[in-house]
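Convention: sequence-line order gives letters A, B, ...; per-chain numbering from 1.
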There are 2 protein chains.
Amino acid sequence: MSYSIQQASEQTGLSVHTLRYYEKIGLILDVARNAAGRRQYSDADLQWIRFLKQLKATGMPLVQMKTFAELRRGGHATHAARRGLLAAHRTAVEAQISALHDCLDLIDYKINKHLQGENADDNTTSNRNVAGE
Amino acid sequence: MSYSIQQASEQTGLSVHTLRYYEKIGLILDVARNAAGRRQYSDADLQWIRFLKQLKATGMPLVQMKTFAELRRGGHATHAARRGLLAAHRTAVEAQISALHDCLDLIDYKINKHLQGENADDNTTSNRNVAGE
DNA sequence: GTACAAGTTAGAGTATGCTCTAAATCAAGA
DNA sequence: TCTTGATTTAGAGCATACTCTAACTTGTAC
């Protein structure tokens, strides 16, 4: 099964512009072309693009994804390197989750403060050591 | 207690450039000045800046933080609006956490795949419906 | 064959969020 | 007083990640 750039866009949720851009900067490699020079995305291509989207959702910069894309093209020899990258990123994602939980706690505290109708404009007298209103 | 911009920078982890920038775009309001026109940050200011930093860590755009900053200046009358904003943001942060957990799962799958020495370059024969290598 | 939609490229433009520079002012120590 | 370092402003510059434009080619329907 192969897909036009428009179909790939629909399947992945990235715009056609973005798909071309990702290819230009080396995130998507070796996309097949038909006789007329048009892109023919494979299922594997779409899976890879969805993976990129996931990585992006975790805040990974495109340049780091590019590193991964290049390693991927290197085949078996690069398995260890890719594993290392993923492991490092895993740690980063866990830290992010932890930071978001902290923020949730803070938001809950703030919401609660507002619900109770406390003087929410005077941070200096807060009985809890959290950031200002 | 009041703090110079340099001290505020040290206390909050934002650069002095960023502190001035945040003030310029309306994220930090009504910072006191001494006779010479130099900024004198209060403890309340620092708490507010730390709160901004937390919001930023959750991916909130500066323009939305600015809305919150303006509401804050509005005092009691804006409590409900602020509560609404925070509640909406809470939902967004929860969604983010959930997305990050999904990504962790995917990363774990990938790491595992590499550890086992499977053919990690052939996505089309993957026995699991996840994104490409 | 003639529209018309969809594809191609290179390259310009935009949005966000800083980050730095220049020129001037100010405060404190030798 | 002179120097050094910190501050001030307006505004320029930069990095990231798109997003769009122009000019052209291709494929399909009528």
Heavy atoms only: give me the nearest B:Arg20-B:Ile5 pair and the separation to one decimal. CG-CD1, 3.5 Å

Are any of the side-chain nitrogens in B:Glu23 or B:Arg33 under 4.0 Å away from the carboxylate oxygens of its partner? yes

Assuming nearest nucleotide by heavy-atom distance, tell me which of B:Arg38 and B:Ser15 is located more 5' along DNA chain C. B:Ser15

Determine the minimum heavy-atom distance between A:Arg90 and B:Ile107, stating which atoms define it. CB-CG2, 4.0 Å

Touch class at under 4.0 angstrom, heavy-atom based, for B:Ser4 against every strand present: sugar-phosphate

Could you state the atom-to-atom distance from CG of B:Leu55 to C1' of C:dG17 in whole Å? 16 Å

Presence of A:Arg39 side-chain N/O under 4.0 Å of C:dT8 phosphate oxygens OP1/OP2: yes

Determine the minimum heavy-atom distance between B:Ala8 and B:Tyr41, stating which atoms define it. CB-CD1, 3.5 Å

List the atom of B:Thr58, the atom of B:Gln96, and the distance in Å for their closest heavy-atom pair. O-NE2, 2.6 Å

Does a side chain donor of either A:Asp45 or A:Tyr3 reach within less than 3.5 Å of an acceptor in the other side chain? no

B:Lys53 NZ to C:dG17 C1', straight-line distance once rounded to whole Å: 15 Å

Could you pull out the closest heavy-atom pair between A:Lys53 and A:Thr12, with the gap in Å? NZ-O, 3.0 Å

Going by number, which of residues 19-36 of chain B have a non-hydrogen atom under 4.0 Å from DNA chain C? B:Tyr21, B:Tyr22, B:Ala36

5'-most contact on DNA chain C: A:Gln40 or B:His17, nearest heavy atom basis? A:Gln40

Rounded off to whole Å, could you give me the CG-to-P distance for the A:Leu52 and D:dC18 pair? 11 Å

Residues from residues 59-67 of chain A lying under 4.0 Å of DNA chain D - heavy atoms: A:Pro61, A:Leu62

Rounded distance (Å) that lies between atom C1' of C:dA5 and atom CD of A:Gln6: 9 Å

Evaluate the ring planes of A:Trp48 and A:Phe51, with Trp represented by its six-membered ring, and classify them as parallel (under 30°), tilted (30 to 60°) or perpendicular (over 60°). tilted

For A:Asp102, give me all partners under salt bridge (charged side-chain N to carboxylate O under 4.0 Å, His left out), at least two apart in sequence or on another chain. none

